[in-house]
Amino acid sequence: QVQLVESGGGLVQPGGSLRLSCEASGKILNIYFMGWYRQAPGKQRELVASTTSTGGIDYANGVEGRFTVSRDNAKNTLYLQMNSLRPEDTAVYYCSADIQTLIWGVRNHYWGQGTQVTVSS
């Protein structure tokens, strides 16, 4: 019914930049919350940045000022611009969204498959 597909991960040196994208597709009626989470080895998944359909934006401590989240509602796409990357930013980054579908108007929470970000020299 609905898919979230992330792209843009990779290997980057400390201080470098990456831009992640997450496109939602399928029988979508409305998208409410959209956010980026990350999970490093041996750690719990944590929220990195999020947006609401009304324009609200929130960042986790430690990424504000370095990361910028944005969304293109016309394209059902969420972005995460990551600058001044640090080794501790290394993790699998997941896209997540609350989506109301065209099928009976049901609203569910969806996850992407994740994209690896590795910050290393």
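Computed over heavy atoms, backbone and side chain alike; hydrogens, waters and symmetry mates excluded.
- A continuous path of hydrophobic side-chain contacts links I28 to L4 [ILVMFWY only; heavy atoms under 4.5 Å].
- Distance check: T115 OG1 to W36 CH2 gives 7.5 Å after rounding to the nearest 0.5 Å.
- A donor and an acceptor atom, one from each side chain of S17 and N83, are located under 3.5 Å apart.
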Evaluate the side chain to side chain contact (heavy atoms under 4.5 Å, CB included) criterion for residues Y110 and D98: first the C-alpha distance (whole Å), next the side-chain angles of each, then the deciding distance (0.1 Å), finally the verdict.
CA-CA 6 Å; Y110 296 88; D98 284 338; over 6 Å; no
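- T101 places no side-chain N or O within 3.5 Å of a backbone atom of G105 that could act as its donor or acceptor partner.
- In this structure, a donor-acceptor pair under 3.5 Å is absent between the side chains of S120 and T118.
- Between the side chains of R45 and Y37, no donor N or O sits under 3.5 Å from an acceptor N or O.
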Decide yes or no on side chain to side chain contact (heavy atoms under 4.5 Å, CB included) for S70 and Q81, but give the supporting numbers first.
CA-CA 8 Å; S70 61; Q81 177 67 44; over 6 Å; no
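- Within the structure, every pair that satisfies the disulfide (SG to SG under 2.5 Å) test and touches residues 82-121, not counting sequence neighbours, is listed here: C22-C95.
- With a 4.5 Å cut-off on side-chain heavy atoms, R86 and R66 count as touching.
- Within the 4.5 Å cutoff, the side chain of F67 has heavy atoms near those of the L85 side chain.
- Both tests do not hold together for R71 against Y79: distance to the six-membered ring centre under 6.0 Å, angle to the ring axis within 45°.
- Considering every non-hydrogen atom in both V69 and A49, the closest pair reads CB-CB, 3.8 Å.
- You'll find the side chain of Q116 reaches within 4.5 Å of the side chain of T90, heavy atoms only.
- Counting non-hydrogen atoms of neighbouring residues, nucleotides and ligands closer than 6.0 angstrom, the CD atom of E88 exceeds 12 such neighbours.
- Between K75 and E23, no side-chain nitrogen of the basic residue sits less than 4.0 Å from a carboxylate oxygen of the acidic one, so the salt-bridge criterion is not met.
- Distance check, rounded to the nearest 0.5 Å: CG of N108 to CD1 of I99 gives 9.5 Å.
- Proximity of V2 to K27: side-chain heavy atoms (C-beta onward) are nowhere separated by under 4.5 Å.
- The hydrophobic cluster containing V92 does not contain M82, counting ILVMFWY residues as joined when their side-chain heavy atoms lie under 4.5 angstrom apart, directly or transitively.
- Following chains of ILVMFWY side-chain contacts shorter than 4.5 Å, one can reach M34 starting from I57, so the two form part of one hydrophobic cluster.
- Listed for the E6 side chain is a donor-acceptor partner under 3.5 Å among the backbone atoms of Q113.
- Taken together through direct or relayed side-chain contacts under 4.5 Å among Ile, Leu, Val, Met, Phe, Trp and Tyr, V117 and Y94 form parts of separate hydrophobic clusters.
- For the pair R107 and Y32, the cation sits on the ring face: its NZ or CZ lies under 6.0 Å from the ring centre, inside 45° of the axis.
- Between I31 and Q100 there is no side-chain heavy-atom pair separated by less than 4.5 Å.
- Taking a 6.0 Å sphere around CD of Q39, one finds it holds more than 12 heavy atoms contributed by other residues, nucleotides or ligands.
- Between A91 and A40, the shortest heavy-atom distance links the atoms CB-N, 3.8 Å.
- For the pairing with L20, the side chain to side chain contact (heavy atoms under 4.5 Å, CB included) check across L80, L78, V48 returns one residue only, L80.
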